[in-house]
Amino acid sequence: MSSSNRKTSKALSDALALAMEVSGGQRLSQEAAAAMLRILGAYPEGAVLAAIERCMREVTGRIVLAHIIERIDDGRPSPCEAWAIVGHADESRTLVATEEAMEAMGCCRDLLAHDHVGARVAFIERYKTLVGQSRAGGVGVKWVISVGTDKRTSEPAIVEAVKAGRI
């Protein structure tokens, strides 16, 4: 392991230990800390450190691994942001969305035609589940392009996604 990686691991280890202590005085065994650090090592360190910081501010009671993972900014939009991207019935527009958003939209597309609110609720619940599964499995975000029937909307949507670093 390079000295840079040791420094990185030490910073993450120290932040994790501090978060556990301030959230209820819990101390992790070496085995538990090693397991958590191994799992969190699948994510960019800066994002994990920010998630740990958020946990210290937001979580009441003891912090567990799931609290940290759900707060890691891995480039996925929040459920409401994802709905804003895909939650319309206009298939003429080209859009760029995450795989989870596209799959969640597929589950509620029929509902959208007659119950917009119900479709939104169904989308958000399914999206949260899919994102949770992806994060728990260490699967990174993947943005996909859905080309609409109006080809004039393709270029602006794709250019915007490139500028945002999504594709």
Side-chain angles (χ1 to χ4, degrees), residues 12 15-16 19-20 23 32 35-167:
L12 192 54
L16 185 59
M20 296 301 157
S23 74
M36 290 179 80
L37 290 168
R38 180 180 42 77
I39 292 167
L40 294 172
Y43 303 96
E45 181 177 320
V48 175
L49 290 170
I52 290 171
E53 179 75 24
R54 284 187 59 201
C55 284
M56 288 194 296
R57 287 192 314 266
E58 298 171 1
V59 175
T60 57
R62 295 183 137 184
I63 296 171
V64 298
L65 182 59
H67 291 135
I68 298 168
I69 291 172
E70 70 188 19
R71 286 169 174 79
I72 293 174
D73 181 359
D74 58 2
R76 288 178 173 88
S78 71
C80 290
E81 291 169 324
W83 174 254
I85 294 169
V86 300
H88 53 77
D90 185 0
E91 293 189 14
S92 68
R93 292 181 20 205
T94 293
L95 57 91
V96 179
T98 64
E99 286 183 330
E100 295 95 352
M102 296 299 282
E103 185 176 335
M105 189 59 189
C107 293
C108 69
R109 187 166 302 283
D110 291 341
L111 189 57
L112 187 61
H114 63 280
D115 183 1
H116 192 78
V117 172
R120 183 177 186 274
V121 170
F123 170 86
I124 287 174
E125 288 305 310
R126 183 67 182 143
Y127 180 78
K128 285 180 183 178
T129 298
L130 293 168
V131 167
Q133 290 169 348
S134 293
R135 286 179 174 154
V139 177
V141 64
K142 183 173 180 189
W143 291 85
V144 294
I145 301 167
S146 175
V147 178
T149 57
D150 182 352
K151 302 303 179 206
R152 294 174 297 173
T153 66
S154 295
E155 185 178 343
I158 293 169
V159 167
E160 183 178 327
V162 169
K163 285 181 183 176
R166 294 176 175 164
I167 58 172

Residues E103, R126; criterion side-chain contact (heavy atoms from CB on, under 4.5 Å); working and verdict: CA-CA 8 Å; E103 185 176 335; R126 183 67 182 143; 3.2 Å; yes
Begin from the C-alpha positions of V96 and I85 and carry the test side-chain contact (heavy atoms from CB on, under 4.5 Å) through to its verdict. CA-CA 8 Å; V96 179; I85 294 169; over 6 Å; no
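- Nearest heavy atoms, R76 versus G140: NH2-O, 3.2 Å.
- Using a 4.5 Å heavy-atom cutoff, the side chains of I39 and I69 are in contact.
- Within the 4.5 Å cutoff, no side-chain heavy atoms of L95 are placed close to those of V147.
- In this structure, R152 and P156 approach most closely via the heavy-atom pair O-CD, 3.4 Å.
- Formation of a donor-acceptor pair under 3.5 Å by the S92 side chain with backbone atoms of D150 is not found in this model.
- Annotation for P79 and F123: closest pair O-CE2, 3.7 Å, computed over non-hydrogen atoms.
- Contact check for P77 versus W143: side-chain heavy atoms found under the 4.5 Å cut-off.
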Stepwise side-chain contact (heavy atoms from CB on, under 4.5 Å) check, R135 with I72: CA-CA 9 Å; R135 286 179 174 154; I72 293 174; 5.6 Å; no
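- Closest approach of V86 to A101, counting heavy atoms only: CG2-O, 4.1 Å.
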Apply the test salt bridge (Lys or Arg N to Asp or Glu O under 4.0 Å) to residues R71 and E53: give CA-CA distance (whole Å), side-chain angles for both, the deciding distance (0.1 Å), then the verdict. CA-CA 10 Å; R71 286 169 174 79; E53 179 75 24; over 6 Å; no
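- Looking at heavy atoms from C-beta onward, I68 lies in side-chain contact with M36 at the 4.5 angstrom threshold.
- The 12-atom threshold is exceeded at CZ of R57, counting heavy atoms of other residues, nucleotides or ligands nearer than 6.0 Å.
- Note that NZ of K142 and CE of M102 are 12.0 Å apart. Values are rounded to the nearest 0.5 Å.
- Counting only distance, with no hydrogens or angles, the side chain of R120 and the backbone of L112 share no donor-acceptor pair below 3.5 Å.
- The OG atom of S23 sits 13.0 Å away from the CD atom of E58 when rounded to the nearest 0.5 Å.
- Inter-residue side-chain proximity for Y127 and T98 is flagged as met; some heavy-atom pair is nearer than 4.5 Å.
- Separation of the H116 and W83 ring centroids falls under the 6.0 Å cut-off.
- Remark: L49 CG to L40 CG distance equals 9.5 Å, nearest 0.5 Å.
- Under the rule for a salt bridge (charged side-chain N to carboxylate O under 4.0 Å, His left out), E155 has no partner lying at least two apart in sequence or in another chain.
- Pairing each heavy atom of C55 with each of I63, the nearest pair is CB-CD1, 3.7 Å.
- Side chains of E99 and S134 form no contact here, defined as non-hydrogen atoms less than 4.5 Å apart.
- Between the side chains of T149 and E91, no donor-acceptor pair is found at a separation under 3.5 Å.
- When all heavy atoms of L111 and A122 are compared, the closest pair comes out as CD2-CB, 4.3 Å.
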Donor-acceptor contacts, no H, no angles, side chain residues 157-167, under 3.5 Å, sequence neighbours left out:
none

